[in-house]
Amino acid sequence: MGDASERAPAAIAQNVIAPAVVAWYREHRRDLPWREPGFPAWGTLVSEFMLQQTPVARVIPRLAEWLDRWPTPGHLAASPAGDAVRAWDRLGYPRRALNLHAAAVAITERHGGRVPPDVDALLELPGVGPYTARAVAVFAYGLRHPVVDTNVRRVLARAVDGAALPGPASTRRDLAAMEALLPDDDADAAVFNAGAMELGAVVCTARSPRCEECPIRSACAWRAAGYPAHEGPRAPVQKRYEGSDRQARGVILGELRRSEVPVPEGALASLWPDAAQFARALAGLERDGLVRAHDDGWVLPD
DNA sequence: CACACGTGGCC
DNA sequence: TGGCCAAGTGT
């Protein structure tokens with residue numbers, strides 16, 4: 001008896017949620033650069049790197065500059081990694097720039113300069129995890145995979161689980177939950193993935209969701225339950241940034257980005273009041289490959 | 001699995 | 001003001 005009673009809810013959800021999200025997306029999608037027809041797979045990969053934890057609005061101008069300067073993986077691979085870190089500017093988490101450069105080198109050396117379409121090959125690239133690999137496979141190549149980001153996790157938590165917010169992320173469970181809703185057709189599946197992300201980004205938002213505008217409100221388990229408040233473990237609160245090691249790293253790297261010549265360690269140290277913390281931050285940057293020791297001080301990597 | 005990892009905008 | 005949040009990944 002398990003089969004029918006367990007499969008039925010998923011089948012119903014797939015028949016209701018996906019078509020509604022797809023129809024809504026076709027009507028309401030934002031015009032974003034990476035959604036333009038003919039946008040290259042390389043552009044998709046670059047945009048996904050930039051979008052890892054950085055808001056869309058801040059990514060758009062940097063992405064355009066980046067692709068103008070490095071229109072293919074080969075172009076980026078031929079530049080020093082430090083140039084990538086500089087061009088990354090203030091997008092945050094600068095090791096993403098380093099990873100993107102390393103990915104460009106790997107693509108050039110192992111994939112003939114073409115961004116690979118398979119999830120497994122993408123996962124082997126530095127800085128590419130479960131989200132980015134599937135996003136590229138789906139949005140750049142139209143393959144059928146579930147794509148789960150923070151927006152999708154929230155939509156699923158509400159619409160399917162009836163919870164205000166997602167619990168702790170579990171890649172395996174989250175992918176299975178999205179897979180259960182995914183249309184069979186490749187193209188429909190890709191649009192549904194994009195639509196679920198878009199829905200979470202503009203309607204089913206973390207704070208003040210606009211449920212009146214939601215295309216799946218009639219199927220939403222959270223709504224049916226009366227919008228219960230979040231219970232259970234809260235996501236770990238981000239540590240204070242002021243005075244943190246992260247801020248110290250940011251100050252050091254900012255100075256090196258700005259300079260075309262090696263910066264003496266003393267000059268860097270003068271930028272941070274706590275000497276021990278400065279030393280820790282600099283050592284961490286060196287360990288991450290974001291800075292390199294030079295005869296006359298410190299520089300960005302080659 | 002928990003935590004480190006930048007930066008800026010919003011309420 | 002200060003906490004929360006943003007198309008995650010690596011360890």
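Chain naming here is simple, since letters A, B, ... match the order of the sequence lines and numbering starts at 1 in each.
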| task | Quick one: label A/W34 by what it contacts on the DNA or RNA (base, sugar-phosphate, nothing), any heavy atom closer than 4.0 Å. | result |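 Since a base atom lies under 4.0 Å of A/W34, the category is base.
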| request: Using a heavy-atom cut-off of under 4.0 Å over every strand shown, decide if A/V128 touches base, sugar-phosphate, or nothing. | output: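 Contact class for A/V128: sugar-phosphate only.
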Check residues 113-121 of chain A and write down every donor-acceptor pair under 3.5 Å in which the side-chain atom is one partner and the other belongs to a residue at least two apart or another chain.
none

| task | Kindly indicate, with the supporting measurements, whether the criterion side chain to side chain donor-acceptor pair (under 3.5 Å) is fulfilled by A/N151 and A/R154. | result | CA-CA 5 Å; A/N151 292 305; A/R154 186 172 52 251; 2.8 Å; yes
| task | Could you go through the side chain to side chain contact (heavy atoms under 4.5 Å, CB included) check for A/D161 and A/W222 one step at a time? | result | CA-CA 7 Å; A/D161 301 333; A/W222 188 42; over 6 Å; no
| said: With nearest nucleotide decided by heavy atoms, which residue, A/A206 or A/A133, maps closer to the 5′ end of DNA chain C? | reply: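 First, find each residue's nearest nucleotide; the 5'-ward one identifies A/A206.
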| field | Residue mapping more 5' on DNA chain C - nearest nucleotide basis, A/D149 or A/N99 | value |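 Result of the comparison: A/D149.
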Protein-nucleotide distance ([X], atom [atom1]; [N], atom [atom2]), rounded to Å:
X      : N     : atom1 : atom2 : result
A/R154 : C/dG8 : CZ    : P     : 10 Å
A/F49  : C/dT9 : CZ    : P     : 9 Å
A/M197 : C/dG8 : CE    : C1'   : 11 Å
A/N193 : C/dA7 : CG    : P     : 15 Å
A/L165 : C/dC5 : CG    : C1'   : 11 Å
A/R172 : B/dC1 : CZ    : C1'   : 16 Å
A/L45  : C/dT9 : CG    : P     : 11 Å

| query | Using a cut-off of 4.0 Å between protein heavy atoms and nucleotide atoms, how would you tag nucleotides 4-10 of chain B 5' to 3' with B, S and -? | reply | BBBBS--
| Hey, can you pull the residues of residues 62-75 of chain A with a non-hydrogen atom under 4.0 angstrom from DNA chain B? |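 Within residues 62-75 of chain A, no residue comes under 4.0 Å of DNA chain B.
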| query | A/L32 pairs by side-chain contact (heavy atoms from CB on, under 4.5 Å) with which of A/E36, A/R29, A/R30? | reply |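 Of A/E36, A/R29, A/R30, side-chain contact (heavy atoms from CB on, under 4.5 Å) with A/L32 is met by A/R30 alone.
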| message | Can you tell me which nucleotide in C/dG8, C/dA7, C/dG3 comes closest to the side chain of A/T132? | response |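 Minimum distance to the A/T132 side chain belongs to C/dG8.
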What interatomic distance, in whole Å, is found between [atom1] of [M] and the corresponding atom of [N]?
N     : M      : atom1 : answer
B/dG6 : C/dT11 : P     : 14 Å
C/dA7 : B/dA2  : P     : 22 Å
C/dC5 : B/dC5  : C1'   : 16 Å

